[in-house]
Amino acid sequence: MKAVLDLVQMRAHTHDVGLATLDAGGTPESWRDGSATNIRIHELQGSPGLAQTLTSKQLRALEALIREYDIVHLHSMWPPANPQIAKLCRELGKPYILSVHGMLDDWCMSQRRGKKMLYMRSWGRNLLRDAHTVHCTAQAELEQASAWFDPEKGVSVPLPFDLSEYEVLPDEELAYASFDGLSRERPKVLFLSRIHYKKGVDRLIKASALLAQRGVRHQLVIAGTGDEEYVQEMKSLAKAQGVEGHTYFLGFASGEPKVALFKACDLFVLPTSQENFGFVFFEALAAGTPVLTTKGTDTWPEIEQSGGGVIADNTPEAFAQHLEGLLGDLDKLRSMGGAGREWVRREMAIDQIIDAYNAMYQRCAGSMAGGA
């Protein structure tokens, strides 16, 4: 949802944008009341039909809307409504862009593969075939996803990233005031994400145990929420691994305290099995905090090239080895953090990302004008 809202906000800088949704509850109030410049919310009335498909009434409303716009931008592979909307676009001669958001990555396609393959042989095949452009947010994602569609359709454009709250960083004292379990004495390793098996919290806890056995002092800071049963499982794992005493589950972090938390920690670590764009990596770098992650994230080449990131094999042993070396040279970590922050400010500048999206949309609109 965040990616879609950010794209709408960005596109509204230069063009009229409409957002069609079944639930407008998560959108800004100014969008809903019509006071936002260049943004219109179209909330489809009624509940979805069978298997979350759109009803005939909703499809008629969408048909009228699509006629008003030059192009349509669809998000995600799996919503049953998207093939219906794509069919409307074909019938009305309106080109559409499909953003797959990492859902065609190798790891994702290996999960519940039978169900996904059935979809790809039917609705999914048409959805990809008829898209004017298939949008990926990183080159590594495009390389994996293009196994499922004509590679000539694919483009790689990063998601827009609002750097405003990272321009002037808060004092890290805000983190200590907001999270009273944060250690001032030990180097701090931060995990900040959803607590879910895909994210590798278990591997990080096991890596922390290996560090403790080697006498590497540190605090493992786990920020985020998840299914309560799984969170309790991870807390039990920390106890079983003997690292409960230096592992701090602090819960959800947001806003300025979250930025201060990045700044207060020495290293951000995410042993993920799969991540698409991964806003959190660029948030860490923007705060001057170096990153340790895996090739499971589609933006790993960019993270590595930033000078503020290290890529590891996705095992507890590999993470422990990298952590031991990195935590043993805090001056180097600070230097990496500075390099990563400068890279993000330069390479993720919103103006150049807007230009890239404008070029993608113009090519799509041009195909309609040219009769393609």
Side-chain angles (χ1 to χ4, degrees), residues 172 175-176 178-179 181-183 186-212 216-228 230-254 257-297 299-300 303 308-324 326-327 333 336-337 340:
E172 64 185 55
Y176 293 106
S178 302
F179 311 109
L182 209 58
S183 173
R186 293 172 178 260
K188 291 174 284 298
V189 174
L190 174 65
F191 171 100
L192 193 155
S193 190
R194 183 164 53 108
I195 299 177
H196 184 273
Y197 78 92
K198 184 178 85 167
K199 307 290 186 174
V201 188
D202 58 328
R203 290 185 288 275
L204 185 53
I205 291 171
K206 291 173 182 177
S208 178
L210 291 172
L211 288 181
V216 180
R217 295 178 72 253
H218 67 287
Q219 182 184 39
L220 179 56
V221 180
I222 299 177
T225 59
D227 178 78
E228 187 56 34
Y230 188 73
V231 173
Q232 289 302 320
E233 184 181 333
M234 292 301 97
K235 289 180 178 179
S236 297
L237 178 62
K239 184 175 183 179
Q241 291 285 317
V243 297
E244 183 182 30
H246 65 258
T247 301
Y248 175 32
F249 287 82
L250 62 76
F252 185 70
S254 64
K258 182 181 79 170
V259 180
L261 179 64
F262 277 124
K263 189 179 177 187
C265 291
D266 298 280
L267 185 63
F268 171 72
V269 182
L270 189 62
T272 185
S273 295
Q274 189 275 335
E275 208 75 29
N276 178 216
F277 183 73
F279 281 107
V280 69
F281 298 116
F282 302 104
E283 291 174 338
L285 292 175
T289 306
V291 168
L292 174 62
T293 189
T294 73
K295 288 187 177 180
T297 178
T299 49
W300 75 263
I303 294 167
V310 174
I311 308 303
D313 290 338
N314 203 356
T315 65
E317 294 75 18
F319 268 77
Q321 181 179 352
H322 282 286
L323 284 167
E324 184 175 12
L326 291 166
L327 294 176
L333 276 181
M336 289 174 59

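Among residues two or more places apart in sequence or in another chain, the side chain to side chain donor-acceptor pair (under 3.5 Å) test is passed with E324 by R214.
F282 is listed as a side-chain neighbour of T299, based on a closest heavy-atom distance under 4.5 Å. Put simply, the side chain of F268 reaches to within 4.5 Å of the side chain of F281, judged on heavy atoms. Inter-residue side-chain proximity for L326 and V189 is flagged as unmet; no heavy-atom pair is nearer than 4.5 Å. Annotation: side chain of S183 is not in contact with side chain of H246 (no heavy-atom distance under 4.5 Å). Here the side chains of T294 and F319 are in contact, with some heavy-atom distance below 4.5 Å. H322 has its side chain out of reach of V269: every pair of non-hydrogen atoms, C-beta onward, lies at least 4.5 Å apart. When side chains are defined from C-beta on, S208 does not count as touching Q241, because their heavy atoms never get closer than 4.5 Å. Under the 4.5 Å side-chain criterion, counting only non-hydrogen atoms from C-beta, F262 is in contact with V280.
For the residue pair K198 / Q274, a side-chain donor-acceptor distance below 3.5 Å is found, with atom types taken as modelled.
To the nearest 0.5 Å, the span separating OG on S273 from NE2 on H196 amounts to 10.0 Å. Atom NZ in K199 sits 13.5 Å away from atom CG in D202 (nearest 0.5 Å). Between the CG atom in L190 and the OG1 atom in T289 there is a gap of 7.5 Å [rounded to 0.5 Å]. Interatomic distance, CD1 of I195 versus CE of M234, reported as 9.0 Å (0.5 Å rounding). Taken from NZ in K188 to CG in L267, the straight-line distance is 12.0 Å, to the nearest 0.5 Å. Taken to the nearest 0.5 Å, the OG atom of S236 stands 12.0 Å off from the OH atom of Y230.
Taking all atoms of both residues into account, the shortest heavy-atom contact from P187 to D266 is CA-OD2, 3.2 Å. When all heavy atoms are compared, the tightest approach of A209 to V243 is CA-CG1, 3.5 Å. Considering every non-hydrogen atom in both P316 and A207, the closest pair reads O-CB, 3.5 Å. The two residues G288 and P290 come nearest to each other via the heavy atoms O-CD, 3.7 Å. Nearest heavy atoms, A223 versus L261: CB-CD2, 4.2 Å. Taking every heavy atom of both residues into account, A264 and L182 meet most closely at CB-CD2, 4.3 Å.
Taking a 6.0 Å sphere around CD of Q321, one finds it holds 12 or fewer heavy atoms contributed by other residues, nucleotides or ligands. Within 6.0 Å of atom CG in D227, more than 12 heavy atoms from other residues, nucleotides or ligands are found, so the atom counts as buried in its surroundings.
Looking at T293, its side chain does come within 3.5 Å of a backbone N or O of L270 through a donor-acceptor pair. Between the side chain of T225 and the backbone N or O of F252, no donor-acceptor pair lies under 3.5 Å.
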Worksheet item: What's the verdict on side-chain contact (heavy atoms from CB on, under 4.5 Å) for L192 and K258, showing C-alpha distance, side-chain angles and the deciding distance?
Response: CA-CA 9 Å; L192 193 155; K258 182 181 79 170; 3.7 Å; yes

